[in-house]
Amino acid sequence: MSDTSSPTTPQPVSPQPVSKVALGDLASLVGTTLGPTDGVEITQERVNTFADATGDHQWIHVDVERANAESPFGGPIAHGYLTLSLVNDLMPKMLEVTGTSMGVNVGVDKVRFPSPVPVGSVVRGTAEVMSVDEVGGGTQAVVRVSVTVDGAAKPSCVVDTVSRFFP
């Protein structure tokens, strides 16, 4: 049986406000989905700046003419690690923990790049609070963040961030 339905048109995205939660109530957000955020445009200038900062000048990122002609992605794409780095910009737009003296990035668990981010696209973040535990004088949260290109079927980056908040 063939599928005769027409392709779906991407629906407009309505960014959600930042979820503000007191440190003592952070655990109440486990299982909660946050976002989506406002969009962030991925420009060639941003990609080139990232390439200069990291030394990763692979042609699929920075050689627009060659990428347009030869890349299996149809043009230049953002670095996976550039996409991952956007998590630091997107997270505070989804979650604000109040009543803290500081929050620190402890690290990340599983990171995947399921689909590319074409230059010129707009990405947004969504997140899910996976766990919250009391550790080392603070509260540690694991938040799974997905960075997705508007209109894409799959996220471009999925990462479990590990953050620790101190009273």
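Quick note: residue numbers are just sequence positions, from 1. Since the model is a prediction, treat every value here as computed from it, not as a measurement.
- A continuous path of Ile, Leu, Val, Met, Phe, Trp and Tyr side chains, each step under 4.5 Å between heavy atoms, connects V147 with V108, placing both in one hydrophobic cluster.
- Judged by distance alone, the side chains of T33 and E128 never bring a donor and an acceptor atom under 3.5 Å apart.
- Residues N48 and H61 bring no donor and acceptor atom of their side chains to less than 3.5 Å of each other.
- Judged by distance alone, with hydrogens and angles left aside, the side-chain atoms of T100 form no donor-acceptor pair with the main-chain N or O of G103 at under 3.5 Å.
- T126 has its side chain out of reach of R124: every pair of non-hydrogen atoms, C-beta onward, lies at least 4.5 Å apart.
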Notebook entry, point to check: Taking it one step at a time, do T83 and V123 satisfy side chain to side chain contact (heavy atoms under 4.5 Å, CB included)?
Noted result: CA-CA 9 Å; T83 307; V123 299; 5.7 Å; no

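- In terms of hydrophobic clustering, with Ile, Leu, Val, Met, Phe, Trp and Tyr side chains grouped at heavy-atom distances under 4.5 Å, V122 and V158 are assigned to different clusters.
- V64 places a side-chain heavy atom less than 4.5 Å from the side chain of N68.
- Applying the side chain to side chain contact (heavy atoms under 4.5 Å, CB included) rule to S115 yields the partners K154, S156; only residues at least two apart in sequence or on another chain are considered.
- The hydrophobic cluster containing M94 also contains V111, counting ILVMFWY residues as joined when their side-chain heavy atoms lie under 4.5 angstrom apart, directly or transitively.
- The shortest distance between side-chain heavy atoms of S19 and E96 does not fall below 4.5 Å.
- By the 6.0 Å contact criterion, CZ on F166 is enclosed, its count of non-hydrogen atoms from other residues, nucleotides or ligands being greater than 12.
- Residues M130 and V30 have side chains not in contact (no heavy-atom distance under 4.5 Å, counting atoms from C-beta outward).
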Check: Does the side chain to side chain contact (heavy atoms under 4.5 Å, CB included) test come out yes or no for T54 and L82, once each step is laid out?
Finding: CA-CA 10 Å; T54 62; L82 168 55; over 6 Å; no

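- Within the 4.5 Å cutoff, the side chain of R112 has no heavy atoms near those of the C157 side chain.
- Checking side-chain atoms of S121 against main-chain N and O of V117 turns up no donor-acceptor pair under 3.5 Å.
- At distances below 3.5 Å, at least one donor-acceptor pair connects side-chain atoms of T161 with backbone N or O atoms of V143.
- When all heavy atoms of A78 and I42 are compared, the pair lying nearest together is CB-CG2, 3.9 Å.
- A distance-only check finds a donor-acceptor pair linking the side chain of S28 to the backbone of D25 [under 3.5 Å].
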Next item on the list: Start with the C-alpha distance between V162 and D109, add both sets of side-chain angles, then the distance that settles side chain to side chain contact (heavy atoms under 4.5 Å, CB included), and finish with yes or no.
Entry: CA-CA 7 Å; V162 184; D109 290 334; 3.8 Å; yes

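- Proximity of a side-chain donor or acceptor of T37 to a complementary backbone N or O of G125 within less than 3.5 Å is detected.
- Between the side chain of H79 and the main chain of D56, a donor-acceptor pair closer than 3.5 Å is present.
- Of the possible donor and acceptor atoms, one in the side chain of S101 sits under 3.5 Å from a partner among the backbone N and O of P167.
- L34 has its side chain out of reach of Q16: every pair of non-hydrogen atoms, C-beta onward, lies at least 4.5 Å apart.
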Next item on the list: Apply salt bridge (Lys or Arg N to Asp or Glu O under 4.0 Å) to D38 and K93, showing your working.
Entry: CA-CA 8 Å; D38 282 326; K93 295 174 182 175; over 6 Å; no

Next item on the list: Report the C-alpha distance between V119 and T43 in whole Å, list the side-chain angles of each, state the deciding distance to 0.1 Å, and finish with yes or no for side chain to side chain contact (heavy atoms under 4.5 Å, CB included).
Entry: CA-CA 6 Å; V119 169; T43 64; 5.7 Å; no

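- In this structure, V62 is not a member of the same hydrophobic cluster as F50, with clusters built from ILVMFWY side-chain heavy atoms closer than 4.5 Å.
- In this structure, F165 has no ring-ring contact (aromatic ring centres under 6.0 Å, His included) partners at least two apart in sequence or on a different chain.
- In terms of hydrophobic clustering, with Ile, Leu, Val, Met, Phe, Trp and Tyr side chains grouped at heavy-atom distances under 4.5 Å, Y81 and L90 are assigned to a common cluster.
- Side-chain contact between V21 and L95 is present, with at least one heavy-atom pair separated by less than 4.5 Å.
- Salt-bridge check for D160 with K110: failed, with every basic side-chain N at 4.0 Å or more from each acidic carboxylate O.
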